[in-house]
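A short write-up of the structure that comes next.
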There are 2 protein chains.
Amino acid sequence: MEKQTITIYDVAREAGVSMATVSRVVNGNPNVKPATRKKVLEVIDRLDYRPNAVARGLASKKTTTVGVIIPDVTNIYFSSLARGIDDVATMYKYNIILANSDENGQKEIQVLNTLLAKQVDGIIFMGNQVTDSLRHEFQRSKTPIVLAGSVDPKEEVGSVNIDYVAAIEEAVSTLIKHGNKKIAFVTGNLDDPINGMYRLKGYKQALNKANIDFDANLIFETEYSHKAGEAIWQKVKAAGATAAVVGDDELAIGLVNGATDDGAKLPNDFEVITSNDSKLTEIARPKLSSVTQPLYDIGAVAMRLLTKMMNKEEIDNETVLLPYGIVERGTTK
Amino acid sequence: MEKQTITIYDVAREAGVSMATVSRVVNGNPNVKPATRKKVLEVIDRLDYRPNAVARGLASKKTTTVGVIIPDVTNIYFSSLARGIDDVATMYKYNIILANSDENGQKEIQVLNTLLAKQVDGIIFMGNQVTDSLRHEFQRSKTPIVLAGSVDPKEEVGSVNIDYVAAIEEAVSTLIKHGNKKIAFVTGNLDDPINGMYRLKGYKQALNKANIDFDANLIFETEYSHKAGEAIWQKVKAAGATAAVVGDDELAIGLVNGATDDGAKLPNDFEVITSNDSKLTEIARPKLSSVTQPLYDIGAVAMRLLTKMMNKEEIDNETVLLPYGIVERGTTK
DNA sequence: AAAAGCTTTTAAAACGCTTGCATTTGTTTT
DNA sequence: AAAACAAATGCAAGCGTTTTAAAAGCTTTT
């Protein structure tokens, strides 16, 4: 008893029409007499027919599937975006192939290639940098791509982000306004333009406006993890910082916990503003002050943008910036 | 200038062999003379040929894609499993179609159907209950399915879990040993057999062994969120509980934060043991004592089991239980 | 009632690959 | 050197749809 699949051909025979007609009713093509449609629908129902999407994909050259390259699903920042992506994908009848890349350039390229082999209709990429080899692959395939919460300085591909420069400038200015002069800049990989270019730029601009000299000793590059945050506290403290802007919530909590466990009282002894406003910020104690970002929306808008590209619709702006804000919670005075 | 795809046929022509031969080298079939293989490989490289997975899928009836139904990627418990799933999927050359279900029975069925339409080779299901209609769909399709961190009391489908009964019994016994008599049982939906059957059973068994009467007022059913945890603190307190076992880490942190914000000092005024040992337990302050589960491994083993099923390999045991433990951190004396 | 013009329906050719079977080529045996 | 066998390759029939061009049915017009 093998997996006995029933095909469009069976339906056609049973209904006494041609495959083409069945195909039309399945696809909602209006050129079908209501009576015929009804008859076919009945047979479909009776036979419990389910169109084979693979065959459809081959014939129509559309798979209604999009690839999503994500550094790590386990990181709440990215999983929040992913949720937004999946929801609007579903809304537009697409499915998502999710692939973790660990921000490893080689894996990214490999994954990208298998996604293209699978004929995805589009791709959403999250990751730190769009390397040249990656851009090369993007170009080669004519498949639409949009970056979500990720940036391509050359702006050659669509993307959805917030204005990281302005956001961090505002965060740092807030910290300065509170009287801090030595503010640590704690982020992940500086090769990521979000960190090494935009956020850093915002940081410098804020210092500049306040006539504070830039001090390279206050720049800390580490990984996005709680442990890394705890570990870096001693260094931050040793550098004499009285506050920090941090590029990732988990990292920020690590720093806060490192400080607290070390006897510091936040926000009086030390202030922190983090960057992602994930739900972790409300979970931590004290609650984290943060740049706010519409995480879910970044994913949702990115996917929406992608649907437009896949449909070859007119697009006014391929690089969209969503609004950000600053919330002060327990880690700022 | 349309997306000009080059096919196996082009390669065959250029290399002066038949499609069959090209297919063989692409698929690593050993029946090809090394010299021919080399020649074909060169052409493939030169033409930058990339086999169309959709066509392959249609011809071979294998898509090397598995469907993953997940309640919510944003929940760290599930995303940890998902990470394990994806990693071993990649290891075995599979890709993953990820679909959020919100534990909504209707969405689950719908998603399941589109996954089957896409001809996935297998399915990993995470969700609270395997309803009859779901089981019906499982049965109907001959596609292999395994549950990860989810349970089917009827044991009709493969699954990977820990022994929830024993784990919670041990957790509660620990709390009893610490002198607690009124222990709250705080979880999500009791319709989920993990909560309503297994964990609850473990809870009752522990009470029973200690000759403590079961008190229905100490059972709290809510949703898996930080907010819900904060909210339920007052009720837990009002019920006179001096400790709690909690079914989800985010929920547990909510409860802990609710207590702490209310002036309670943990663990002396109140003890908590949570269930999932996700990274949140280390992030929270005080750190959460917890039942430990190998989250990543549950996903990984589930996927490994699925590969065996897809390969029709012999399987000794379709319902596997992984080891659990108890770690006492800051929320127990 | 033939001509015109629509609306429906059908036939059959793709889509790009895998695979069973037949054929060809090459190697051993006798 | 013919016979037997093994290795390598080619042929062609699928796989289950979509889609285009052509055919068939109906209505209206004249």
Side-chain angles (χ1 to χ4, degrees), chain A residues 2-41 43-44 47-65 93 114 116-121 141, chain B residues 2-41 43-44 47-65 93 114 116-121 141:
Chain A
E2 253 316 286
K3 191 192 282 188
Q4 202 238 313
T5 53
I6 83 125
T7 75
I8 198 175
Y9 185 77
D10 300 315
V11 176
R13 184 171 22 74
E14 283 293 304
V17 299
S18 71
M19 287 165 42
T21 299
V22 177
S23 175
R24 287 201 190 84
V25 349
V26 167
N27 291 293
N29 184 313
N31 298 351
V32 180
K33 196 165 32 165
T36 332
R37 179 189 309 282
K38 180 148 176 277
K39 186 173 55 178
V40 171
L41 250 17
V43 175
I44 286 181
L47 265 45
D48 207 6
Y49 166 69
R50 174 193 290 145
N52 179 322
V54 173
R56 282 172 113 160
L58 183 58
S60 67
K61 293 169 166 290
K62 291 200 166 59
T63 54
T64 62
T65 301
K93 311 284 185 206
T114 94
L116 293 174
K118 294 217 167 166
Q119 313 297 116
V120 295
D121 296 335
S141 83
Chain B
E2 253 316 287
K3 190 193 282 187
Q4 202 238 312
T5 53
I6 80 125
T7 74
I8 198 175
Y9 184 77
D10 300 315
V11 176
R13 184 171 23 71
E14 282 295 302
V17 299
S18 71
M19 288 166 42
T21 300
V22 177
S23 175
R24 288 199 189 88
V25 349
V26 167
N27 290 294
N29 183 315
N31 298 350
V32 181
K33 193 162 37 162
T36 337
R37 179 188 311 282
K38 180 148 175 279
K39 186 172 56 179
V40 172
L41 250 16
V43 175
I44 285 181
L47 264 44
D48 207 8
Y49 166 68
R50 174 193 290 143
N52 179 323
V54 172
R56 290 227 253 199
L58 184 57
S60 68
K61 292 168 167 290
K62 290 198 167 58
T63 54
T64 62
T65 300
K93 312 283 184 206
T114 95
L116 293 174
K118 295 217 167 166
Q119 313 297 116
V120 295
D121 296 335
S141 82

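What you are looking at is a predicted structure, and each value in this text was computed from that prediction instead of being measured.
Although no hydrogens or angles enter the test, the distance criterion places a donor-acceptor pair under 3.5 Å between the side chain of B:Asp10 and the main chain of B:Thr7. The closest donor-acceptor contact from the side chain of A:Ser23 to the backbone of A:Thr21 lies at 3.5 Å or more, if one exists at all. No donor-acceptor pair under 3.5 Å is formed between the side chain of A:Thr63 and the backbone N or O of A:Gly57.
The two residues A:Val26 and A:Tyr49 make their nearest non-hydrogen contact at CG2-CE2, 4.1 Å. The two residues A:Arg56 and A:Pro51 come nearest to each other via the heavy atoms NH1-CB, 3.4 Å.
At a cut-off of 3.5 Å, with distance as the only test, a side-chain donor of A:Thr64 or B:Lys118 sits close to an acceptor on the other residue. Checked by atom type, the side-chain pair A:Asn29/A:Arg37 shows no donor-acceptor distance below 3.5 Å.
As a whole-Å value, the separation of B:Ile8 CD1 from C:dC15 P is 15 Å. As a whole-Å value, the separation of A:Ile6 CD1 from D:dG16 C1' is 12 Å. When the C1' atom of D:dT19 is taken as reference, atom NZ of A:Lys62 falls 12 Å away, rounded to whole Å. We find that NZ of A:Lys118 is positioned 15 Å from P of C:dC17, with the value rounded to whole Å. Summarising the geometry, the separation between CE on A:Met19 and C1' on D:dT19 is reported as 11 Å, rounded to the nearest angstrom. D:dC15 atom C1' lies 8 Å from atom CG of A:Asn52, rounded to whole Å. Taking atom CD1 of residue B:Ile44 and atom P of nucleotide C:dC17, one finds them 10 Å apart after rounding to whole Å. In this entry the distance linking OH of A:Tyr9 with C1' of C:dA11 reads 12 Å, nearest Å.
OP1 or OP2 of C:dT19 has not a single side-chain nitrogen or oxygen of B:Lys61 nearer than 4.0 Å. An OP1 or OP2 oxygen of C:dT18 is reached within less than 4.0 angstrom by a side-chain nitrogen or oxygen of B:Ser23. Taking side-chain N and O atoms only, A:Ser60 has no distance below 4.0 Å to OP1 or OP2 of D:dT19.
Partners of B:Ala55 by side chain to side chain contact (heavy atoms under 4.5 Å, CB included), not counting sequence neighbours, listed by chain and number: A:Leu58, B:Asn52.
Axis orientation changes by 50° from one end of the helix from C:dA1-D:dT30 to C:dT30-D:dA1 to the other, with each end axis drawn from 5 pairs and the value rounded to 10°.
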Using nucleotides 4-9 of chain D, report all nitrogen or oxygen pairs with the protein that are shorter than 3.5 Å.
| from | atom 1 | to | atom 2 | distance (Å) |
| --- | --- | --- | --- | --- |
| D:dT9 | OP1 | B:Thr36 | OG1 | 2.4 |
| D:dT9 | OP2 | B:Lys33 | N | 2.9 |
| D:dT9 | OP2 | B:Thr36 | OG1 | 3.3 |

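The one candidate from B:Val17, B:Val43, B:Thr36, B:Leu41 that meets the side-chain contact (heavy atoms from CB on, under 4.5 Å) condition with B:Val25 is B:Leu41.
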